[in-house]
A.B. asks: 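Starting off with a structure, shown below.
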Amino acid sequence: MADDVAALLDHLRTGPVELIGHSLGALVATRVTLARPDLVSRLVLEDPPQAYAITGRPPIVEDGPASFDWRMMHQTEAQLIDPDPAWAAGLAAIGTPALVLSGGTASPLDAADIARRIPGARLVTVEAGHLIHVTARQEFLRIVDAFLDEDPR
């Protein structure tokens with residue numbers, strides 16, 4: 001997925017972008033930033049998964065429509081249970097200004113772990129659960145806009 005995002009940005013010739021990713025998208029955004037820092041001017045990660053293994057998760061039950069991408073769900077779950085150590089180690093190499101939003105105690109993820117691993121990352125907690133952009137939309141927009149409006153120097 002990160003390769004696809006980088007290829008799209010190259011194709012569009014946008015120059016560096018402000019890249020925002022939620023959950024799995026946040027993991028993808030970090031991988032884009034690690035592989036191609038020239039493409040990303042600022043990084044916003046909304047409730048990203050932690051870089052350490054999650055234990056005690058019940059197995060995925062395929063109880064939705066057959067058209068749903070269950071294969072992707074199983075692959076994603078594998079990364080939550082046993083994250084790629086190269087990804088975790090690579091987070092320390094991110095030099096792009098980064099904002100990490102945590103959904104707080106209502107979220108099943110530990111976004112603070114990612115904020116601690118990215119040098120200089122700012123962590124903001126919004127007690128809104130995993131879908132901050134939905135359950136606390138105005139606060140999400142206010143926080144992200146303020147970060148993107150800051151002077152990068």
Side-chain angles (χ1 to χ4, degrees), residues 1-57 59-60 62 68-104 106-126 128-137 140-141 143-150 152-153:
M1 290 182 196
D3 290 343
D4 290 342
V5 171
L8 176 63
L9 294 174
D10 280 338
H11 175 75
L12 295 174
R13 297 184 181 157
T14 60
V17 298
E18 296 159 334
L19 191 56
I20 301 174
H22 168 253
S23 194
L24 172 61
L27 190 147
V28 172
T30 61
R31 287 194 175 271
V32 171
T33 306
L34 284 166
R36 294 289 307 279
D38 59 302
L39 293 177
V40 183
S41 62
R42 293 182 196 237
L43 183 61
V44 176
L45 307 174
E46 178 193 355
D47 214 38
Q50 57 271 11
Y52 60 83
I54 298 176
T55 59
R57 287 175 64 89
I60 292 174
E62 295 185 17
F68 186 77
D69 190 353
W70 290 107
R71 187 181 71 160
M72 182 276 302
M73 288 297 296
H74 289 286
Q75 291 170 344
T76 302
E77 184 69 8
Q79 282 298 310
L80 291 174
I81 293 169
D82 186 21
D84 178 357
W87 170 67
L91 294 171
I94 292 178
T96 304
L99 169 66
V100 179
L101 291 147
S102 167
S107 172
L109 303 176
D110 180 9
D113 175 62
I114 299 303
R116 285 188 294 271
R117 293 173 189 260
I118 299 174
R122 180 178 315 151
L123 174 66
V124 176
T125 300
V126 178
H130 186 57
L131 299 173
I132 304 165
H133 66 281
V134 173
T135 54
R137 182 172 181 75
F140 172 82
L141 292 172
I143 293 165
V144 171
D145 285 346
F147 174 72
L148 297 179
D149 287 344
E150 290 176 2
R153 290 177 276 144

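Just so you know, residue 1 is the first one in the sequence shown, and it goes up from there. Side-chain atoms are counted along with the backbone in the values below, which use heavy atoms only and exclude waters and symmetry mates.
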A.B. asks: To the nearest 0.5 Å, what is the distance between OG1 (T76) and CG (L27)?
C.D. replies: 9.0 Å
A.B. asks: Which distance, rounded to the nearest 0.5 Å, do you find between the OG1 of T33 and the CD1 of I94?
C.D. replies: 5.5 Å
A.B. asks: Between L91 and A51, what is the shortest heavy-atom contact and its length?
C.D. replies: CD1-CB, 4.3 Å
A.B. asks: Looking at every non-hydrogen atom in both residues, tell me the closest pair between M73 and I60 and how far apart they are.
C.D. replies: O-CD1, 3.4 Å
A.B. asks: Within the 4.5 Å heavy-atom criterion, are V28 and R31 side-chain neighbours or not?
C.D. replies: no
A.B. asks: Please list, chain by chain and in numerical order, all residues satisfying side chain to side chain donor-acceptor pair (under 3.5 Å) with R122, sequence neighbours excluded.
C.D. replies: E150
A.B. asks: Counting only N and O atoms by type, is there a donor-acceptor contact under 3.5 Å from the side chain of S102 to the main-chain atoms of G104?
C.D. replies: yes
A.B. asks: Can you give me every donor-acceptor pair (side chain of residues 2-21, partner residue at least two apart or in another chain, under 3.5 Å) with its distance?
C.D. replies:
| from | atom 1 | to | atom 2 | distance (Å) |
| --- | --- | --- | --- | --- |
| D10 | OD1 | R36 | NH1 | 3.4 |
| D10 | OD1 | R36 | NH2 | 3.0 |
| D10 | OD2 | R36 | NH1 | 2.7 |

A.B. asks: Can any side-chain N or O of D110 pair as donor or acceptor with the backbone N or O of Q50 at less than 3.5 Å?
C.D. replies: no
A.B. asks: Could you tell me whether M1 atom CE has more than 12 heavy atoms of other residues or ligands within 6.0 Å of it?
C.D. replies: no
A.B. asks: Tell me the salt bridge (charged side-chain N to carboxylate O under 4.0 Å, His left out) pairs involving residues 90-104, sequence neighbours left out?
C.D. replies: none
A.B. asks: Using the side-chain hydrogen bond (donor to acceptor under 3.5 Å, both in side chains) rule, collect all pairs that involve residues 86-99, keeping only residues at least two apart or in two chains.
C.D. replies: T30-W87
A.B. asks: Using 0.5 Å steps for rounding, measure from the CG atom of D82 to the CD1 atom of I54.
C.D. replies: 11.5 Å
A.B. asks: A side-chain contact here means heavy atoms from C-beta on lying under 4.5 Å apart; do F140 and L101 qualify?
C.D. replies: yes
A.B. asks: If you compare all heavy atoms of A29 against all heavy atoms of L43, which two are closest, and at what distance to 0.1 Å?
C.D. replies: CB-CD1, 3.7 Å
A.B. asks: Between the main-chain N or O of D84 and the side-chain N or O of Q79, is there a donor-acceptor pair closer than 3.5 Å?
C.D. replies: yes
A.B. asks: Give me the ring orientation class for H22 and H133: parallel if the planes are under 30° apart, tilted from 30 to 60°, perpendicular past 60°.
C.D. replies: perpendicular
A.B. asks: Could you tell me which residues satisfy side-chain contact (heavy atoms from CB on, under 4.5 Å) with R71, sequence neighbours excluded, listed by chain and number?
C.D. replies: D69, Q75
A.B. asks: Any idea which heavy atoms bring A111 and V100 closest together, and the distance?
C.D. replies: O-CG1, 3.6 Å
A.B. asks: Holding to ring pair (Phe, Tyr, Trp, His ring centres under 6.0 Å), I want the full list of residues that pass it with F68, two or more places apart in sequence or in another chain.
C.D. replies: W70
A.B. asks: When rounded to the nearest 0.5 angstrom, what is the spacing between CD1 in I114 and CG in D47?
C.D. replies: 10.5 Å
